[in-house]
S.K.: 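Structure provided below as structure tokens; questions to follow.
Every chain is numbered from 1 and lettered A, B, ... according to where its sequence line falls, protein lines coming before strand lines.
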Number of protein chains: 2
Amino acid sequence: MIRTQALTFTQDCNDCPIRHRAVCARCETDELARLEEIKYYRRFEAGQSVVWSGDRMDFLGSVVNGVATLTQTMEDGRTQMVGLLLPSDFVGRPGRVEAAYDVTATTDLVMCCFRRAPFERMMHETPHIAQRLLEMTLDELDAAREWMLVLGRKTAREKIASLLAIIARRNALVGTADDHAVTLELPLTREAMADYLGLTLETVSRQISALKRDGVIVLTGKRHVAVPDLVRLMAEAGDDTDGGLPA
Amino acid sequence: MIRTQALTFTQDCNDCPIRHRAVCARCETDELARLEEIKYYRRFEAGQSVVWSGDRMDFLGSVVNGVATLTQTMEDGRTQMVGLLLPSDFVGRPGRVEAAYDVTATTDLVMCCFRRAPFERMMHETPHIAQRLLEMTLDELDAAREWMLVLGRKTAREKIASLLAIIARRNALVGTADDHAVTLELPLTREAMADYLGLTLETVSRQISALKRDGVIVLTGKRHVAVPDLVRLMAEAGDDTDGGLPA
DNA sequence: GAACGCTCTTGATCTGGGTCAAAGTCAGGC
DNA sequence: GCCTGACTTTGACCCAGATCAAGAGCGTTC
């Protein structure tokens, strides 16, 4: 059920694979060149804030490397992560300068950014870009709704398994892996995982221990996880597995 | 925090206010005429399914009247509502014929539909439409993420208050109301509310009783709710109230 | 107007996950 | 090597909300 995005980078875009996928899948050469002009890179250290909710955000861009999170906070301090930005994911809303969420780098992070004004101008002149952004936003919406099911109806164990499955799937496409066994590096602390899953960090820790005890995962270090059987993991997540993996 | 969409219909669009807002806010007259050609109305009875997840959906459209829900279901029968479609909301994904969710009318429903093929053709030829759809989709994404906070971090009482506040705000704009007192008709059964909130119907019922006991709401019939003080209700929902209401 | 089928309310009890507390692991700095 | 601080694990206990169960309200049908 968790839709996997095709990360089919093309060689003609090797200095910034992201730019290609994110906003320019069907652009002509001269359009690519224009994007090139307004593009720049930003680096963030693990733990650093990219932007705070309500602040001015004068760029839009995609993650090249590393992991960032989108979180919402209530006045009393309760927080909920509402999005996980993995390489190739796009942040920023055209036409609205104030950030709607806190964006935080959870690992060292490299982003490919576009300055807002020229990007928006270009979007208005280049129909492909708005159409591409629409597709990407629809994918994000599907992912958010998928996550609503996780938050609203799954047990703690299923929630952990769902998160691991998402990361494993994204990883599996980038790295090499046979269909059923995957290893992955958790880019999140237990606390950040809890924020994503609507749990406490203690519960996260306990459920990870339980999955380990039951052989669903093998821990080789706090953050390094081996999944011997991805199908098993997805079953633990409560997902239907049909069509999930290539045959 | 719950963003309210401006439902500013213009008089030049009186036979189908929705069409205007939904996809053609900036179209020229001839484009409006083309939309007119491919538009038709569909009516559904309360309880009837609009489309099942996975089925072919050969139209897109917006709600004119009534309420529909988007729900996701797990194999074991657990369900989670992932969206509430109130008048002026749009359903359907351009470029993807299979519905991703179950769409169900919870009241008698009128939709203004566009046949898929000509609509998509028009979208590709008319940049305004893709841009408008992008904006609408970004609004939906914000709403979905808002809801993730509700599902993941709010208590049962706060969840109920949040739902009432959403409906009250949408209602308040359409109907007449002074700033602080609103009455509304619940378009959902207790069970549907539970599905939206990630609760059981018993808990929904108990919390509604509690809010009534505490004077936050006044029940005049099972489904008819008077909110004497919307600010109070929003405080119960755990929302920050700044900017929420006109002064 | 009795019987039926919904929807909703309320009570009693149970439990998954939260809360509080303490101890274990590990990387980096000196 | 040992200290420090951040992260993680584990234990004991508790409570919000789930579950199970019984009725109550109320519109429809015949």
S.K.: Identify which one of B/T71, B/L70, B/L151 satisfies the side-chain contact (heavy atoms from CB on, under 4.5 Å) criterion when paired with B/Q80.
M.R.: B/L151

S.K.: Please list, pair by pair, any protein nitrogen or oxygen found under 3.5 Å from a nitrogen or oxygen in nucleotides 23-28 of chain C.
M.R.:
none

S.K.: Any non-hydrogen side-chain atom of A/L233 less than 4.5 Å from a side-chain atom of A/L164?
M.R.: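 Yes - at least one pair of side-chain heavy atoms lies under 4.5 Å apart.
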
S.K.: For the CG atom of B/L86 and the CZ atom of B/R169, what is their distance to the nearest 0.5 Å?
M.R.: 13.5 Å

S.K.: On the side chain of B/R206, is there an atom forming a donor-acceptor pair with the base of C/dG11 - under 3.5 Å, no angle test?
M.R.: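 Donor-acceptor pair under 3.5 Å: yes.
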
S.K.: Quick check: does any side chain N or O of A/Q207 sit under 3.5 Å from a backbone N or O of A/V204, one acting as donor and the other as acceptor?
M.R.: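 No, the answer is negative, given that no donor and acceptor are paired below the 3.5 Å cut-off.
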
S.K.: From the 5' end of DNA chain D to its 3' end, which nucleotides mark the outer limits of contact with chain B, defined by a 4.0 Å heavy-atom distance cut-off (strictly under)?
M.R.: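 Going 5' to 3' along DNA chain D, contacts run D/dG17 to D/dC20.
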
S.K.: Who pairs with B/R213 by side-chain contact (heavy atoms from CB on, under 4.5 Å), at least two apart in sequence or on another chain?
M.R.: B/A210

S.K.: Nearest whole angstrom, please: distance from the C1' of C/dG18 to the CZ of A/R78.
M.R.: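 About 13 Å, once rounded to whole Å.
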
S.K.: Let me see the working for A/M148 and B/M148 under side chain to side chain contact (heavy atoms under 4.5 Å, CB included), right down to the final yes or no.
M.R.: CA-CA 6 Å; A/M148 287 172 65; B/M148 286 173 65; 4.0 Å; yes

S.K.: Any non-hydrogen side-chain atom of A/F44 less than 4.5 Å from a side-chain atom of A/T106?
M.R.: no

S.K.: Using five base pairs at each end to define the local axes, how bent is the helix from C/dG1-D/dC30 to C/dC30-D/dG1, to the nearest 10°?
M.R.: 30°

S.K.: Would you classify B/R223 as touching base, sugar-phosphate or nothing, given that sugar-phosphate means primed atoms plus P, OP1 and OP2, and contacts are heavy atoms under 4.0 Å?
M.R.: sugar-phosphate

S.K.: Toward the 5' end of DNA chain D, which comes first, A/S205 or A/R153, by nearest nucleotide?
M.R.: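 Nearest nucleotide further toward 5': that of A/S205.
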
S.K.: Looking at every strand, decide which applies to B/S209 at a 4.0 Å heavy-atom threshold: base, sugar-phosphate, or nothing.
M.R.: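 Sugar-phosphate: the residue B/S209, judged by heavy atoms under 4.0 Å, touches backbone atoms but no base.
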
S.K.: Could you pull out all donor-acceptor pairs under 3.5 Å where a side-chain atom in residues 190-202 of chain B meets a protein atom, sequence neighbours excluded?
M.R.:
{"residue": "B/R190", "atom": "NH1", "partner": "B/K222", "partner atom": "O", "Å": "3.4"}
{"residue": "B/R190", "atom": "NH2", "partner": "B/K222", "partner atom": "O", "Å": "2.9"}
{"residue": "B/D195", "atom": "OD1", "partner": "A/R153", "partner atom": "NH2", "Å": "3.3"}
{"residue": "B/D195", "atom": "OD1", "partner": "B/T79", "partner atom": "OG1", "Å": "3.0"}
{"residue": "B/D195", "atom": "OD2", "partner": "B/T79", "partner atom": "OG1", "Å": "2.9"}
{"residue": "B/T200", "atom": "OG1", "partner": "B/T203", "partner atom": "N", "Å": "3.4"}
{"residue": "B/T200", "atom": "OG1", "partner": "B/T203", "partner atom": "OG1", "Å": "3.1"}

S.K.: Ignoring hydrogens and geometry beyond distance, is a side-chain donor-acceptor pair present between B/D142 and A/Y101 at under 3.5 Å?
M.R.: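 Yes, a side-chain donor-acceptor pair sits under 3.5 Å.
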
S.K.: Would you say that A/V225 contacts A/L219 through its side chain, given a criterion of any heavy-atom pair below 4.5 Å between the two side chains?
M.R.: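 Yes, their side chains come closer than 4.5 Å.
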
S.K.: To the nearest 0.5 Å, how far apart are OG in B/S88 and CZ in B/R170?
M.R.: 4.5 Å

S.K.: Under 4.0 Å, heavy atom to any atom of DNA chain C: which of residues 190-204 of chain B qualify?
M.R.: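 By residue number: B/R190, B/L201, B/E202.
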
S.K.: For a side chain to side chain contact (heavy atoms under 4.5 Å, CB included) check, start with the C-alpha distance between B/V91 and B/M57, then their side-chain angles and the critical distance, and finish with the verdict.
M.R.: CA-CA 10 Å; B/V91 232; B/M57 188 169 172; 4.3 Å; yes

S.K.: Check whether any side-chain heavy atom of B/K154 lies under 4.5 Å from a side-chain heavy atom of B/S162, and answer yes or no.
M.R.: yes

